[in-house]
Amino acid sequence: MGTPIFTCNCSTSLTLICLALFVPGNIIGSGIFVSPKGVLENASSVGLALIVWIITGVITAIGALCYAELGVTIPKSGGDYSYVKDIFGGLAGFLRLWIAVLVIYPTNQAVIALTFSNYVLQPLFPTCFPPENGLRLLAGLCLLLLTWVNCASVRWATRVQDMFTGGKLLALILIIIMGIVQICKGMSEYYWLEPANAFEPFQDYDVGLIALAFLQGSFAYGGWNFLNYVTEELVDPYVNLPRAIFISIPLVTFVYVFANIAYVTAMSPQELLASNAVAVTFGEKLLGVMSWIMPISVALSTFGGVNGSLFTSSRLFFAGAREGHLPRLLAMIHVRRCTPIPALLFTCISTLLMLCTSDMYTLINYVGFINYLFYGVTVAGQIVLRIKQPDMHRPIKISLVWPVIYLLFWAFLLIFSLYSEPVVCGIGLAIMLTGVPVYFLGVYWDNKPQCFNTFVDKITCLGQKFCVVVYPAEEEKNEDCCGEEMEMKTETAPLSGADEGETSKSADY
């Protein structure tokens with residue numbers, strides 16, 4: 001398979017302040033509007049739920065520090081896929097890519113799209129939950145519309161992102177301010193925050209459910225590993241990258257904890273658990289005639305989140321195709337629009353399949369388990385690399401205490417999550433293991449029959465003609481697999497970004 005080269009003439013230097021503000025913008029998304037219910041439901045009390053949010057923030061910061069060392073030690077695009085592949089070999093890297101393509105990206109996008117449809121439809125069904133078919137239909141329409149936008153123009157996609165980013169900020173600012181106002185009113189408004197009441201369980205504590213609470217909370221922190229993608233654009237990265245972690249992750253944790261405190265000043269745990277759109281219920285209780293602001297703000301935020309997730313998925317496709325782990329077609333972009341149409345269509349179809357269920361919390365457990373599985377493998381790789389290559393140049397070098405702490409938490413989370421949700425987690429593991437025969441047949445096996453190679457070339461050629469796509473390259477002319485020359489502009493390329501659905505300001509291909 002060929003080795004395409006993505007090029008971009010963008011040149012941007014990010015200061016510490018810029019990165020410290022930009023990273024929270026990538027992490028904070030739809031998770032804070034959907035995860036509070038899942039965290040509280042599994043934590044069994046308000047007090048423990050708040051502790052879960054705080055500990056998840058601490059573990060996220062530790063994971064980000066571990067990834068920072070790996071990111072400057074192995075400076076490759078593709079993030080943890082590249083690290084796992086280089087440290088543990090091609091099969092492990094392929095399985096990370098396989099599960100990301102088939103599970104992580106589609107499930108994340110499905111959850112965000114379902115959150116969007118929940119917040120749009122909930123005000124129309126004030127006395128009951130919206131119909132499941134309606135939720136899935138609206139989520140599917142949202143996904144199809146934004147896939148078309150991303151296929152049509154990079155500029156349109158970035159403008160959609162810019163326009164809808166303000167929605168989450170407005171909603172969160174309103175929630176936190178109203179929560180502070182409620183606390184200032186007096187004791188009756190913070191009944192559930194008093195220690196005697198905060199730890200009063202509404203169901204028996206269960207260690208397996210607590211593990212699931214951490215999985216639900218971790219979904220809201222998705223995107224923390226985006227820090228590795230901007231190292232080359234950061235001023236004095238070896239000093240400013242750890243500083244950015246110590247500023248941005250605590251800032252996100254502060255916002256999340258105070259948003260949850262605000263929720264329980266207006267709602268009892270039972271009211272919060274009875275709501276499928278907690279911000280809507282919060283707005284109805286405190287904003288009166290202005291309560292419509294909340295569902296609109298969250299809908300705008302989640303609409304932008306779906307767009308951002310579609311917009312950034314092509315980076316992983318490119319990294320995998322460059323290593324020969326994915327079909328070449330998935331790394332190609334349109335000859336004039338410079339949009340990754342095959343990758344977008346594949347992601348759209350796989351996400352639509354995820355919408356066969358409208359249970360967001362099952363989907364979050366599903367994707368959270370798989371995500372944490374490979375986060376742990378990647379951090380374990382940091383220790384393996386220290387042992388195998390102790391003299392390797394490491395511009396950032398942290399104490400091994402931090403990856404050990406992360407791995408202990410990781411082991412607790414995976415073991416008890418599997419115990420609590422054996423079917424959901426087992427399906428994720430089974431899908432991952434289906435990648436083993438695919439790897440040996442599609443990647444490891446070099447001497448494939450000529451008829452197989454001819455068939456793959458014809459499919460690639462057909463896909464190129466249908467989507468009008470080629471490999472990006474430094475040259476202005478590119479020859480596709482059909483032997484035809486196609487002109488292509490290389491001034492614009494899809495941008496990079498985070499897991500949860502936000503985007504970076506410059507391309508790094």
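Because the structure is predicted, anything quoted here is derived from the model rather than measured. Computed from heavy atoms alone, side chains included, the values below leave out hydrogens, waters and symmetry copies.
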Do the side chains of [Y] and [X] get nearer than 4.5 Å, heavy atoms only?
{"X": "C66", "Y": "Y375", "value": "no"}
{"X": "V264", "Y": "L50", "value": "no"}
{"X": "T107", "Y": "I370", "value": "no"}
{"X": "V207", "Y": "F412", "value": "yes"}
{"X": "I396", "Y": "L65", "value": "no"}
{"X": "I104", "Y": "R96", "value": "yes"}
{"X": "F374", "Y": "L95", "value": "yes"}
{"X": "L138", "Y": "F116", "value": "yes"}

Rounded to the nearest 0.5 Å, what's the gap from [atom1] on [X] to [atom2] on [Y]? Could you check?
{"X": "N42", "Y": "S417", "atom1": "CG", "atom2": "OG", "answer": "9.5 Å"}
{"X": "I383", "Y": "Y406", "atom1": "CD1", "atom2": "OH", "answer": "12.0 Å"}
{"X": "L135", "Y": "T115", "atom1": "CG", "atom2": "OG1", "answer": "10.0 Å"}
{"X": "Q270", "Y": "L40", "atom1": "CD", "atom2": "CG", "answer": "8.5 Å"}
{"X": "L143", "Y": "I349", "atom1": "CG", "atom2": "CD1", "answer": "10.0 Å"}
{"X": "L413", "Y": "L407", "atom1": "CG", "atom2": "CG", "answer": "12.0 Å"}

Check: Q182/T265 side-chain N/O donor and acceptor closer than 3.5 Å: no
Distance-only donor-acceptor check, side chains Y105 and S350, under 3.5 Å: no
Y419 atom OH: more than 12 heavy-atom contacts under 6.0 Å: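 Atom OH in Y419 is not packed in, count stays at 12 or less.
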Enclosure of F254 CZ (heavy-atom neighbours >12, cutoff 6.0 Å): no
Residue among L310, V149, L146 satisfying side-chain contact (heavy atoms from CB on, under 4.5 Å) with L344: L310
Partner of D86 under side-chain contact (heavy atoms from CB on, under 4.5 Å), chosen from I74, L70, T73: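 Checked I74, L70, T73 against D86; only one passes side-chain contact (heavy atoms from CB on, under 4.5 Å): I74.
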Taking all heavy atoms of [X] and all of [Y], pick out the closest pair and write down the distance.
{"X": "E69", "Y": "I398", "answer": "OE1-N, 3.1 Å"}
{"X": "A43", "Y": "L48", "answer": "O-CD2, 3.2 Å"}
{"X": "F88", "Y": "V377", "answer": "CE1-O, 3.4 Å"}
{"X": "F94", "Y": "Y81", "answer": "N-CE1, 4.4 Å"}
{"X": "I245", "Y": "A64", "answer": "CD1-O, 3.4 Å"}
{"X": "S35", "Y": "I364", "answer": "OG-CD1, 4.5 Å"}

Evaluation steps, side-chain contact (heavy atoms from CB on, under 4.5 Å), between V252 and W224: CA-CA 10 Å; V252 173; W224 58 267; over 6 Å; no
Donor-acceptor pair, distance only, cut-off 3.5 Å: does the side chain of [X] make one with the backbone of [Y]?
{"X": "Y119", "Y": "F33", "value": "yes"}
{"X": "T60", "Y": "T56", "value": "yes"}
{"X": "Y221", "Y": "G31", "value": "no"}
{"X": "W98", "Y": "I431", "value": "yes"}
{"X": "S218", "Y": "L215", "value": "yes"}

Pair Y372 + F214: ring centers closer than 6.0 Å: no
Verdict with supporting geometry, F409 and I62, side-chain contact (heavy atoms from CB on, under 4.5 Å): CA-CA 11 Å; F409 177 81; I62 294 173; over 6 Å; no
Trace of the side chain to side chain donor-acceptor pair (under 3.5 Å) decision for Q203 with S44: CA-CA 6 Å; Q203 63 183 8; S44 303; 3.1 Å; yes
Steps toward side-chain contact (heavy atoms from CB on, under 4.5 Å) verdict (F369, V103): CA-CA 11 Å; F369 178 83; V103 175; over 6 Å; no
Test side-chain contact (heavy atoms from CB on, under 4.5 Å) applied to E284 and V280, step by step: CA-CA 6 Å; E284 288 172 349; V280 171; 3.6 Å; yes
